[in-house]
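All residue numbers refer to positions in the sequence shown, counting from 1. Note that this is a predicted model, so its numbers are computed, not measured.
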Amino acid sequence: MTAVSASLESLRVLHHSEDYIVVDKHWDIRIDSKMWYEKHTVQAQLGHRFPQLADPSTYYGFRFCHQLDFSTSGALCVALNKAAAGRAYRCFKDRSVTKAYLALVRGRVEEETQTLDLPIGKNSSEGKTHMMCAEGTDGCENPKPCQTELTVLEYGLYDGDSATKVLLQPVTGRTHQLRVHCSAIGHPIVGDFTYSSGADAAPYRMMLHAHFLHIPLDPEPLLVCAGDPFLPAADPKWLPQRSLRTLAATVEDLLDRRMEEGRKIKEERQDRVRREEERRAKRREQKTEEESEEQRTQCQEWLKEWAGD
């Protein structure tokens, strides 16, 4: 992607099947809106490209499986029917979906791999009620547990200032989670006007991109990559100086770990089901034995009565 603004015709499709469309959402565009002045939305782009797929029974015409911020670009999944939406929803609900975001952050992130475990809540401070904040911040209300895995990919310069390219994997799914976490550790995302208190206004966009999406659907998982927009060819202001690991290898390792975790969870779930079935079978067997004993006792009483007659 470049600094060209979004248009109705600029929708980029990454995946299209009978049940799902995955698009590469443009930066600075809303997913949907009922406001008359919001001319360019993903909803409008889909309606323009695929008018036959719009469902008038839904509020926006399309079933968006998840959300991306206005300023965030990248992979966005849309279900094309109610059943497909339900299958995807269950995957998101049980946290079996794997998402990974690319970001350029300010400064040099020294710790190459780390888990950001910082609860976040709503900011109740005057003028900041549209924002979230990390626990301990003035005005932070009802903070909830929140974890993000961070992996450093490259060190370099953005427009002459120190910057780091990172891969971010949200373990939880809180509003503005990645932006708040990066800001909280002193490395705000390049171009994040909101979480820099309006100071980082020079870049043409916020440098946060939903690069990877894996939804473990049955019978066939949905796996999509949305490319890397943070390359010197796309933005000459980004100048990599030292590479620690490749993006492809890092994502592959992430997916392998998630698949292994999913396998273990599935085995544990199957084991719980098996144990419960064994307990039920044992209870049924005990009940049958009790009933058989009761029947034998009843028969003996009848035989005694007949013998007496």
For S162 against R108, the heavy-atom pair lying closest together: OG-N, 3.6 Å
CD (E220) with more than 12 external heavy atoms under 6.0 Å: no
Qualifying residues under salt bridge (charged side-chain N to carboxylate O under 4.0 Å, His left out), relative to E112, sequence neighbours excluded: R245
Positive for ring-ring contact (aromatic ring centres under 6.0 Å, His included) with H66, one of F92, Y20, Y89: F92
Contact summary for K165 and L104, nearest pair of heavy atoms: CB-CD2, 3.7 Å
Heavy atoms of other groups near E9 CD, more than 12 under 6.0 Å: yes
C182 side, atom SG; R106 side, atom CZ - distance, nearest 0.5 Å: 13.0 Å
Atom of A79, atom of C65 and distance for their closest heavy-atom approach: N-SG, 3.6 Å
Closest non-hydrogen atom pair between S10 and Q45, with its separation: OG-NE2, 3.3 Å
Over 12 foreign heavy atoms within 6.0 Å of CG, D94: yes
Side-chain donor or acceptor of Q43 paired with backbone N/O of S33 under 3.5 Å: yes
Expected output: side-chain S196 to main-chain G191 donor-acceptor under 3.5 Å: no
T115 and D117: side chain donor to acceptor below 3.5 Å: no
Shared hydrophobic cluster for L208 and V171 (ILVMFWY, side-chain gaps under 4.5 Å): no
S125 versus N123, side-chain donor and acceptor atoms under 3.5 Å: yes
Test side chain to side chain contact (heavy atoms under 4.5 Å, CB included) applied to D24 and L14, step by step: CA-CA 6 Å; D24 189 354; L14 303 172; 4.0 Å; yes
Test log, rule side chain to side chain contact (heavy atoms under 4.5 Å, CB included), inputs T151 and T113: CA-CA 5 Å; T151 303; T113 59; 4.0 Å; yes
CG on L167 to CD on E154, rounded to 0.5 Å: 11.5 Å
For F50, all residues meeting ring-ring contact (aromatic ring centres under 6.0 Å, His included), sequence neighbours excluded: H16
Shortest non-hydrogen separation from R12 to A226 and the atoms involved: NH1-O, 4.1 Å
D235 vs M207 side-chain heavy atoms within contact, under 4.5 Å: yes
Residue pair L244, Y155: steps toward the side chain to side chain contact (heavy atoms under 4.5 Å, CB included) verdict: CA-CA 8 Å; L244 274 65; Y155 294 119; 3.5 Å; yes
Min side-chain heavy-atom separation E111-I185 under 4.5 Å: no
Distance (rounded to the nearest 0.5 Å) between I31 CD1 and D69 CG: 8.5 Å
E141 backbone acceptor or donor facing S124 side chain under 3.5 Å: no
Working for side chain to side chain contact (heavy atoms under 4.5 Å, CB included), residues Q169 and R258: CA-CA 11 Å; Q169 182 209 344; R258 286 287 288 164; 3.7 Å; yes
Min side-chain heavy-atom separation L178-P170 under 4.5 Å: yes
Plane angle bin for Y204 and W27 - parallel if under 30°, tilted between 30 and 60°, otherwise perpendicular: perpendicular
Student check: side-chain heavy atoms of I215 and C77 closer than 4.5 Å: yes
Closest approach of I120 to T175 (non-hydrogen atoms, all atoms of both residues): CD1-O, 3.6 Å
Atom pair OG/CG of S17 and L80 - distance to nearest 0.5 Å: 6.5 Å
Connected via hydrophobic side-chain network under 4.5 Å: F62 and I21: yes
T172 versus Q177, side-chain donor and acceptor atoms under 3.5 Å: yes
Salt bridge (charged side-chain N to carboxylate O under 4.0 Å, His left out) against R274, all qualifying residues, sequence neighbours excluded: D271, E278
Beyond-backbone contact of T129 with K122, side-chain heavy atoms, under 4.5 angstrom: no
Hydrophobic cluster identity match, L213 and V251, side-chain contacts under 4.5 Å: no
Pairing of R257 and D253 as salt bridge, 4.0 angstrom limit: yes
Geometric class of the F212/H214 ring pair [parallel <30°, tilted 30-60°, perpendicular >60°]: parallel
Same apolar cluster: V13 and F64, side chain cutoff 4.5 Å: yes
Pairwise distance OG(S183) to CE(M131) - rounded to 0.5 angstrom: 7.5 Å
Full working for salt bridge (Lys or Arg N to Asp or Glu O under 4.0 Å) between E276 and R280: CA-CA 6 Å; E276 181 60 28; R280 289 177 179 174; 3.3 Å; yes
Test: R205 and D28 ion pair at under 4.0 Å: no
Side chains of H211 and P229 in contact at under 4.5 Å (non-hydrogen atoms): no
Test item: T72 and Y101 side chains (from C-beta on) under 4.5 Å apart, heavy atoms: yes
From CG (L247) to CZ (F230), nearest 0.5 Å: 11.0 Å
Joint cluster assignment, V180 & L118, ILVMFWY side-chain distance < 4.5 Å: no
Heavy-atom check, side chain of L102 versus side chain of L153, under 4.5 Å: yes
